[in-house]
S.K.: 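This is the structure I have questions about; it appears just below.
Values below: all heavy atoms of this structure, side chains included; hydrogens, waters and symmetry mates excluded. Each chain gets a letter, A, B and so on, in the order its sequence line appears, and its residues count up from 1.
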2 protein chains.
Amino acid sequence: MNGAGKPTINDVAAAAGVSKKTVSRVINKSPLLSASTREKVEGVIRDLGFVPNLQARALALRRNFIIAAIHDNPNAQFLVNVQQGIQQGIAGSEFGLMVQPFDRSDPAFESEVRAFLERQRPFGVVLLPPISSDEAIVALCRETGTRYVRMGSIKMDEAAHVVSSNDREAVRDAVTHLIGKGHRRIALIEGPEGFTSPQERRAGFEEAMAQAGLAVDPALVRPGSYTFESGVAAAECLLALAAPPTAIFASNDEMAIGAMIACRRAGVRIPEDISIVGFDDTPLSSHVWPTLTTVHWPIVDMARTAAQKLMGSEDAAGELPWMFPSTLVERGSVVAPA
Amino acid sequence: MNGAGKPTINDVAAAAGVSKKTVSRVINKSPLLSASTREKVEGVIRDLGFVPNLQARALALRRNFIIAAIHDNPNAQFLVNVQQGIQQGIAGSEFGLMVQPFDRSDPAFESEVRAFLERQRPFGVVLLPPISSDEAIVALCRETGTRYVRMGSIKMDEAAHVVSSNDREAVRDAVTHLIGKGHRRIALIEGPEGFTSPQERRAGFEEAMAQAGLAVDPALVRPGSYTFESGVAAAECLLALAAPPTAIFASNDEMAIGAMIACRRAGVRIPEDISIVGFDDTPLSSHVWPTLTTVHWPIVDMARTAAQKLMGSEDAAGELPWMFPSTLVERGSVVAPA
DNA sequence: TTGTAAGCGTTATCAC
DNA sequence: GTGATAACGCTTACAA
């Protein structure tokens, strides 16, 4: 023990009477080691409380034990769910989770990402939507030798590099559910442009309508931006229509809840006068009144798997699932139209 | 340039015709360097696109360029706000943000924290409440030589190691506001035990009542756990009272919104029949109807300053503010009692 | 199965 | 001011 500091691999080697390489083999669980040597060294490691220096390993191995989540200021609940999933994925390993926001509208966006990757050299990165659909960023990962997994709503890459939900089918099911209840005038509040998920959700909406032989009334399709306020605004427009809808599908929960507020202000009862369906299944959806019927989005599962894909071999990553089904959660905001 | 890989300090030294130590001096902005040498080296660094290897620096300097936020699953919005603040604080620096959750109820809690600190060796950690009031964890930071800043609602440490809000005064002001409106039967929904902030908020409540010469009716003080559901449950009890309150102060927004839902279910109008005040000023508080009068909690500012304290010298940290005033935000959930 | 020597890319020491 | 040389703690050849 070199006096003050923490014990190093040299201290362990000396105390165990072996070479540092042997200790290294024990740390790395090398298979070619006699059981007796291993036990002896493990005993010394325990006694000394030796913890391998990750920075030194990072230097020698040329890879940092860090998984980074790269995002562009998404919804708080989404971000926290992703973090939770990644934490589950790296639990029990040496990896740590780093979180790094970027601003896509910044002209220096790409160079900022590059600077981050070159500085921190994370072992792998999870790309959150909408950054996940940015091919330039993916190219940057390849160029810097950073492993990556893209989170999204379609299979935008090979299985080893994607975790995806099936938003299109899920929304189709949700809207079909509304149609099954007897709704015919169904409105859609869309998500922001530049994201993939709103496109998929819209496609699912249109498919459900088409399957039921219903036309999509352009007046019942309102833009939105995944924010509460945009949900309020969209619903206000819809309620002001000469023939307002009997049901609204909002492309996410926040807008759905915005729509609920707008209805309440307008004196329109939910679900008696209008049914509402959201997407995400955030905690909030069961906290509003009436509780919100919504599509459960398995973000935590997706993020956990993303982390596992990053830590394992390329082959192993390809074996892990890339598609995570979203399912309709029926609550209190949907009934048959009056 | 050693063939494939990225340029190293050696490549820069060779290309500039100086020693690696001189390059190191340039990187570290050493003052004792001739201007001509500095410019020459900086030019080469730019030309080669040299980025210092943080892992190597971490090994040599024995400190990792990472700030870690350590928490025990707090509210999503709170966590995201803290992250945002820390990101603001480290913006423009080489530091990265790592996020690490722990479970205080796990018997291995302390050893898990120790393992994290010894493995990742973050340069500094921001301790989020309620972990911030755990002296054992603080001791662990000292022992492992990890710089730390505690986030909380009281000055639980020296200025260099604390950022705090003034919950007590803020709540006193908020409740005084209710009293000023004419309320006399004011209920309190408390936060969970084991946290400091609920104690402070309760103290502020009691001080306001005492200052106004009002007695605190024990029947109007209900336990809560900072969750939506606990807010619902507490409000249900309050509304069932023979003499229900005319106003409720909930110790956080989530419970306040739970209380709002409970009132609505019970047919009690807000604010006509009952006024409600929350604490936090989460985005949600302006998204409900009526909008929630609440206390703004300057988490982002606190977290930004925490990061700055960690990165600067101990002295500089002590100079930075440790107290961040919370202020009442008047919205639509408070009126004079009927 | 185990050990030796040479890096990994940077900074600290101490000369010049 | 600047430069050899030795750390920092670990891993990967390559031997033995």
S.K.: For residues 42-50 of chain B, please give each side-chain donor-acceptor pair under 3.5 Å, one per line with the distance, not counting sequence neighbours.
M.R.:
none

S.K.: So which protein nitrogen or oxygen atoms get under 3.5 Å of nucleotides 10-13 of chain C's nitrogens or oxygens?
M.R.:
from: C:dT10; atom 1: OP1; to: B:Asn53; atom 2: N; distance (Å): 2.8
from: C:dT10; atom 1: OP2; to: B:Ile9; atom 2: N; distance (Å): 2.5
from: C:dT10; atom 1: O4; to: B:Lys20; atom 2: NZ; distance (Å): 3.0
from: C:dT11; atom 1: OP1; to: B:Asn28; atom 2: OD1; distance (Å): 3.4
from: C:dT11; atom 1: OP1; to: B:Asn28; atom 2: ND2; distance (Å): 2.9
from: C:dT11; atom 1: OP1; to: B:Arg57; atom 2: NE; distance (Å): 2.9
from: C:dT11; atom 1: OP1; to: B:Arg57; atom 2: NH2; distance (Å): 3.3
from: C:dT11; atom 1: OP2; to: B:Ser24; atom 2: OG; distance (Å): 2.6
from: C:dA12; atom 1: N7; to: B:Lys21; atom 2: NZ; distance (Å): 3.0

S.K.: Would you mind reading off the distance between B:Asn64 atom CG and D:dG9 atom P, rounded to a whole angstrom?
M.R.: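 Rounding to the nearest Å, CG of B:Asn64 and P of D:dG9 are 14 Å apart.
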S.K.: Measure the distance from CD on A:Gln55 to P on D:dT11 and round it to the nearest whole Å.
M.R.: 13 Å
S.K.: Please state whether the rings of A:Trp297 and A:Phe78 are parallel, tilted or perpendicular, taking 30° and 60° as the class boundaries.
M.R.: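 Answer is parallel, since the angle falls under 30°.
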S.K.: Taking salt bridge (charged side-chain N to carboxylate O under 4.0 Å, His left out) as the definition, give me every residue that meets it alongside B:Arg57, ordered by chain and number, with sequence neighbours left out.
M.R.: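 By the salt bridge (charged side-chain N to carboxylate O under 4.0 Å, His left out) rule, B:Arg57 matches B:Glu94.
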S.K.: Is any side-chain N or O of B:Thr37 closer than 4.0 Å to OP1 or OP2 of D:dT2?
M.R.: yes
S.K.: Examine D:dT2: is either OP1 or OP2 under 4.0 Å from a nitrogen or oxygen in the side chain of B:Thr22? Give yes or no.
M.R.: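 Answer no for this pair, as no side-chain N or O of B:Thr22 is under 4.0 Å from OP1 or OP2.
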S.K.: Round to a whole Å and report the spacing from CD of A:Glu118 to C1' of C:dG9.
M.R.: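 So the two atoms are 15 Å apart, to the nearest Å.
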S.K.: For B:Arg104, which residues count as a salt bridge (charged side-chain N to carboxylate O under 4.0 Å, His left out) partner, sequence neighbours excluded?
M.R.: B:Asp72
S.K.: Suppose we screen for side-chain hydrogen bond (donor to acceptor under 3.5 Å, both in side chains). Which residues come up paired with A:Arg114, at least two apart in sequence or across chains?
M.R.: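 For A:Arg114, the residues satisfying side-chain hydrogen bond (donor to acceptor under 3.5 Å, both in side chains) (neighbours in sequence not counted) are A:Glu143.
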S.K.: Nearest-Å distance, NZ (A:Lys40) to C1' (C:dT1)?
M.R.: 12 Å
S.K.: Can you work out whether B:Arg62 or B:Gly17 has the more 5'-proximal nearest nucleotide on DNA chain D?
M.R.: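 The 5'-side residue here is B:Gly17.
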S.K.: Who pairs with A:Asp157 by side-chain hydrogen bond (donor to acceptor under 3.5 Å, both in side chains), at least two apart in sequence or on another chain?
M.R.: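 A:Tyr148, A:Arg150.
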S.K.: Separation of A:Asp11 atom CG from D:dC10 atom C1', in whole Å?
M.R.: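 Checked: the CG to C1' distance equals 13 Å.
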S.K.: In whole Å, I'd like the distance from the CG atom of A:Leu33 to the P atom of D:dT11.
M.R.: 13 Å
S.K.: Can you check the A:Glu39 CD to C:dT1 P distance for me, whole Å?
M.R.: 15 Å
